[in-house]
Amino acid sequence: MSLPSSRDVLRLPEFRAMLIAAVCSTLASRAVALTVAYQLYQLTKNPLTLGILGLVEAIPALSLALFGGVVADRNDRRRILLLTISVEVICALCFALYAKHAAVYGILPLLALIFTLGVARGFSDPALPAFQAQVVPRELLLRASAWRSSAGQAASIGGPALGGVLYASAGAGGSYSFAFVLLLVSLGCVMYVKAKPIPSFKAGEPFIQSIKEGLAFVVQRQVLVGSMALDLFSVLFGGAVALLPIFASDILKVGPTGLGVLVSAPSVGALAVMLYATKHPPGKGAGRTLLIVIAGFGVSIIVFGLSQNFYLSVAALIATGMFDGISMVIRSATLQLKAPDHMRGRVNAVSGMFIGASNELGAFESGVGAKLLGTARSVWLGGIVTLIVVGVTAYLAPELRAMDLTDIEDDAGPHALDVELPSSAAS
C-alpha cells in the first residue's frame, strides 16, 4: 500500500467545502477582531480597553468550552456549526449597522456583540475540528490537518490586511460588512456537507461524568497536556497581538493600514512553514522540535518588543509566525491522531480552553502589563518569561521532549468514519 499524497485529501468534495468555509470564517473573524480592536482604541485611547476586549470574549468561550465539548460528542456536529455560524452572521450585521453610532452611544454594544461571539465559540470550537475529522478518512487526517492549518494562515494574512484597508477607506462599517458576506459564504459551504453519524455515548450519562472522562483522557497523556500547557503559558506571557494597535498608532506610527500588515505578518511566516508541512508532515523528534520553536518564538518576541523600526518589527513578527506555525502543526497532528472520534469534541474543548486562555486571557494580561510597565517593556519581558517556560517544561515533561509522531497512530484508540478513501491513496 502506497502512502497517501497531499493531494488525495483535496479530491474529497466535502473536505474542499469545509476548507472554503474555514477560510471564509477565518477571514471574517480576523477582520472583525482587527476592526473592533482599532475602533475601541480610537474611541478610548486606553490600552486597558484592549485587554478588556479579550477578556469579554474569553469569559463565555472558556466557561462553555467543556460543556460545548460534551454537546459536540452527543449531537449532530454539522447542526451545531450551522447554528453558531448563523449567530456570527447576525453579529457581523449588527456590527456594521452600529459602526457609525459607536462614537455617540459608546463601546458597550460592541463589547456585548463580542460577548455573544464568545458564547458561539464555546460551542463551535469543540465541534468544528471534530466534524472536520469526520469528513476525511483516518489515513488522510495528518494531510488534512496540514491543509487546514495552511488555509487558515492564508486567511489570517488576508483578513487583517483587508480589514485594515477597508477600515482606512470605508470605515469600520465597510470592514464589518465584508465580514458579513464572508460568513454567509461559510454558512452555505457547511450546508453543502452532509451530516455525519453522531458518535456513540453512554445513554443517560450525566454531563459532569462526560466532562470528567474528557479531562482524564487529556491529563493521562503527558504529550497532550504538556503541549497544551506549553502553548498556554508561552502565548499568555509572550503574546503581543493585543497590543499591536498601540504599536501601530503610537510607537511605529503607521496607522490602520500598517496595523493590517503587522497583524498579518505572523501569518505570513506560519503559512510558509505550514505549506511545507502539507508535503512533509512532522515526524521524528516532534517533541524536541516543539520545544525549540517555542524558544525561537520567545526570542522573536523580545526582538519585536525592543524594535522601533517598522520593517524590523514586521520581520520579527514573521519569525514568530514561523515558529508558532511549526508548533501549531505539531499540536494539531497530536490532537487529531490521539483522540478517538467519540472523544474528539471533549479533547478539542480542553485544547480550546488552553488556546483561548493563551489568546484572550493573554490579551488581558498584555493590556494590564502595558498599563503598568509600558507597552514595549511588557512585550520583551514577556518574551523572557516564554524562554523560562520552555526550560521548565523541557525539564518536567520528558515524554513530551521525546515525542515521536511517526508512531502516534497506535495511541488513538478506536476510530470509524463513514467516508471513502480516494482511489489513488488506497492503491
Side-chain angles (χ1 to χ4, degrees), residues 26 30 145-146 148-157 160 223 226-244 247 261-307 311-335 351 354-355 357-359 362-363 365-366 378-394 397 400-401 403 405:
T26 302
R30 294 299 296 271
S145 177
R148 281 194 297 267
S149 297
S150 300
Q153 287 304 315
S156 295
I157 296 171
V223 294
S227 60
M228 291 179 189
L230 183 64
D231 177 70
L232 166 64
F233 291 108
S234 61
V235 178
L236 179 64
F237 295 108
V241 174
L243 300 178
L244 290 182
F247 278 90
V261 175
L262 291 173
V263 175
S264 299
S267 298
V268 173
L271 177 61
V273 298
M274 287 178 175
L275 286 174
Y276 177 82
T278 61
K279 295 186 177 181
H280 305 279
K284 290 185 177 297
R288 184 176 64 253
T289 300
L290 181 62
L291 292 166
I292 292 172
V293 297
I294 294 296
F297 174 85
V299 172
S300 301
I301 285 294
I302 293 172
V303 173
F304 175 76
L306 294 173
S307 171
Y311 298 103
L312 177 60
S313 296
V314 170
L317 289 174
I318 290 175
T320 66
M322 293 182 68
F323 290 123
D324 190 46
I326 298 172
S327 71
M328 286 173 62
V329 170
I330 294 174
R331 293 195 312 271
S332 176
T334 303
L335 286 175
S351 175
F354 277 84
I355 294 173
S358 64
N359 291 335
E365 181 275 335
S366 296
S378 68
V379 170
W380 61 258
L381 282 175
I384 294 175
V385 174
T386 298
L387 296 179
I388 296 173
V389 168
V390 172
V392 172
T393 304
L400 176 63
R401 189 172 65 242
M403 183 177 69
L405 288 182

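Residue numbers start at 1 and run along the sequence shown.
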Could you pull out all residues at least two apart from Phe304 that satisfy ring pair (Phe, Tyr, Trp, His ring centres under 6.0 Å)? Phe247
Looking only at heavy atoms, what is the nearest atom pair of Ala270 and Val273, with distance? O-CG2, 3.1 Å
Does the side chain of Ile330 come within less than 4.5 Å of Ser327's, by heavy atoms? no
Distance-only donor-acceptor hits, side chain of residues 286-302, under 3.5 Å, sequence neighbours excluded:
unit_1: Thr289; atom_1: OG1; unit_2: Gly285; atom_2: O; d: 2.9
unit_1: Ser300; atom_1: OG; unit_2: Gly296; atom_2: O; d: 3.0

Residues 312-323 side chain polar contacts: donor-acceptor under 3.5 Å, at least two apart:
unit_1: Ser313; atom_1: OG; unit_2: Ser307; atom_2: OG; d: 3.0
unit_1: Ser313; atom_1: OG; unit_2: Asn309; atom_2: O; d: 2.9
unit_1: Thr320; atom_1: OG1; unit_2: Leu317; atom_2: O; d: 2.5

